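For reference, the structure is listed below as structure tokens.
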Amino acid sequence: MAHLKVRTSGRTLSRFAVAAIAAALVATGAGAASASVPVPVPVRAGGIGPAHPLPKMPARAPHIRSLTATSAADIAADPVFPLLGIDNSGDAWAYGPDGIGGLTPREAAGSLPSVTNNAFVDNNADGYLDGQWEWANDGTLHYFVDANTPDKVIGGGWNIYDTELSPGNLGGAQGYDVIARDSAGVLWLYLGYGDGTVTSRIKVGGGWEVYTQLAGKGDLDGDGKADIVARDTAGVLWFYKGTGNYNAPFAPRTRIGAGWNMFNRIVSTGDVDLDGRTDLLARDTNGGLWLYKGSGLAADPYETRVQIGSNYNLYRLMTS
């Protein structure tokens, strides 16, 4: 299979703009005044540059499950990932948490005109990205670790799916897994081995065509297992609790609330405000970006929304 030809000067994505993401993830509020608005700037001449070390874990508030300390399991359950936006020209941009509940100004993350979807992963369970899956418009899935390691072609035929997502560890092992929905509305699970390769698919169930958006990155209800949310055609958002059992990865859905059709993109980057709880980002039809802080409660997983940005409608793809 041909390798994905979407890089600038042969360099990988931001690992991704790793320097940019590193700065973003450890930010403590610098540049916060302009963090809410993505100011268009040209991609740096010559690409994104060589890879840099991955960021260290920033200071985080005690997790809801532990009022005195943040355990390694808690950190893995509520990861901190950048938000990736790809505009109509194929230019990619990375945002990280600014340390005060918003996002840092964007940083160039390469040229990715042929990428249809992307998913950051945390396979070593330290709370930060250490790899990424990329889906190409030719139907191939690729996996990247760093700029010094050749990309790994996982396989082809992924264009049978209209949605792919990696919300975390769904099957009980440490590595991140993939869920994908086909055109018939059947949801499938691929268990990840931690090196980018995946198992043969496992059928989760049918009927998922009723949803227009799927999102999730980490644990929403405080039990340490990855969950997802799904928006139906009527604009109702539903919560699917992760079970940790790959044969039945989700419990029956519970209703979160209505009115979510005001958004044209829903995505989770994990813990945005660094309080130890997984959050949700939503873009409205005017390009406004809203933060729904996680509450850690299954019955009411999100607090009242707060707008943290504008002009995000310049991106054809927003993912993490």
Side-chain angles (χ1 to χ4, degrees), residues 76-81 83-84 117-122 133 135 161-173 175-182 185-192 198 201-258 260-261 263-272 277-283 290-302 317-320:
D78 298 291
V80 179
F81 288 100
L83 173 67
L84 182 72
N117 201 6
N118 175 87
F120 296 125
V121 300
D122 170 30
W133 280 302
W135 287 266
Y161 299 118
D162 60 25
T163 301
E164 308 96 7
L165 189 67
S166 181
N169 161 21
L170 292 172
Y176 269 44
D177 306 317
V178 173
I179 51 175
R181 183 184 64 185
D182 65 25
V186 177
L187 193 69
W188 301 89
L189 169 65
Y190 291 83
L191 300 177
V198 295
R201 66 181 188 174
I202 302 166
K203 186 177 180 180
V204 176
W208 289 78
E209 72 277 4
V210 302
Y211 298 119
T212 58
Q213 296 271 327
L214 300 178
K217 189 73 80 172
D219 172 29
L220 276 175
D221 61 350
D223 67 353
K225 299 180 178 66
D227 312 303
I228 65 169
V229 295
R231 186 191 67 188
D232 66 24
T233 54
V236 176
L237 193 69
W238 299 87
F239 171 60
Y240 280 89
K241 175 185 175 67
T243 65
N245 176 6
Y246 65 85
N247 290 309
F250 301 114
R253 69 180 189 174
T254 58
R255 191 177 189 269
I256 294 176
W260 288 77
N261 268 346
F263 301 115
N264 57 24
R265 183 59 177 163
I266 299 171
V267 62
S268 178
T269 64
D271 181 9
V272 175
R277 301 170 187 170
T278 293
D279 308 310
L280 190 69
L281 296 171
R283 182 184 64 187
W290 299 83
L291 171 65
Y292 284 85
K293 295 183 179 182
S295 69
L297 304 174
D300 188 16
Y302 300 116
L317 176 65
M318 288 174 55
T319 186
S320 180

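Position 1 is the first residue of the sequence; numbering continues from there. A quick note: this is a predicted structure, and the numbers were derived from the prediction, not measured.
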With rounding to the nearest 0.5 angstrom, report the [atom1] to [atom2] distance, [X] to [Y].
X: Lys241; Y: Ile228; atom1: NZ; atom2: CD1; answer: 13.5 Å
X: Leu280; Y: Thr269; atom1: CG; atom2: OG1; answer: 9.0 Å
X: Asp122; Y: Lys217; atom1: CG; atom2: NZ; answer: 9.5 Å
X: Asp221; Y: Asp227; atom1: CG; atom2: CG; answer: 4.5 Å
X: Asp78; Y: Thr278; atom1: CG; atom2: OG1; answer: 3.5 Å
X: Thr163; Y: Leu187; atom1: OG1; atom2: CG; answer: 9.0 Å

Exercise. According to the interplanar angle, ranging from 0 to 90°, do the rings of Phe81 and Tyr176 count as parallel (below 30°), tilted (30 to 60°) or perpendicular (above 60°)?
Worked result: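 Correct class here is perpendicular.
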Problem set entry | Audit row: Ile266, Leu281, side-chain contact (heavy atoms from CB on, under 4.5 Å) steps and yes/no | CA-CA 6 Å; Ile266 299 171; Leu281 296 171; over 6 Å; no
Using side-chain heavy atoms (C-beta onward) and a distance below 4.5 Å, is [X] in contact with [Y]?
X: Arg181; Y: Val204; result: no
X: Tyr302; Y: Lys293; result: no
X: Ile179; Y: Leu189; result: yes
X: Tyr161; Y: Trp188; result: yes
X: Asp177; Y: Tyr246; result: no
X: Leu237; Y: Phe263; result: no
X: Phe250; Y: Leu170; result: yes

Problem set entry | Listed once per pair and sorted, the salt bridge (charged side-chain N to carboxylate O under 4.0 Å, His left out) pairs that draw on residues 204-215, sequence neighbours left out |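 Every candidate salt bridge (charged side-chain N to carboxylate O under 4.0 Å, His left out) pair involving residues 204-215 fails, so no pair, neighbours aside, qualifies.
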Exercise. Would a line drawn from the ring center of Trp208 to the ring center of Tyr240 be shorter than 6.0 Å?
Worked result: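 Trp208 vs Tyr240: aromatic centres under 6.0 Å.
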Exercise. Relative to Trp238, does Arg253 satisfy both conditions: NZ or CZ under 6.0 angstrom from the six-membered ring centre, and within 45 degrees of the ring's axis?
Worked result: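 Verdict for Trp238: a cation-pi partner in Arg253.
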Exercise. Can the positive tip of Arg231 be found less than 6.0 Å from the middle of the six-membered ring of Trp260, inside 45° of the ring normal?
Worked result: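 That pair does not qualify as a cation-pi contact.
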Problem set entry | Residues which pass side chain to side chain donor-acceptor pair (under 3.5 Å) with Trp290, listed by chain and number, not counting sequence neighbours |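 Side chain to side chain donor-acceptor pair (under 3.5 Å) list for Trp290, sorted by chain: Asp284.
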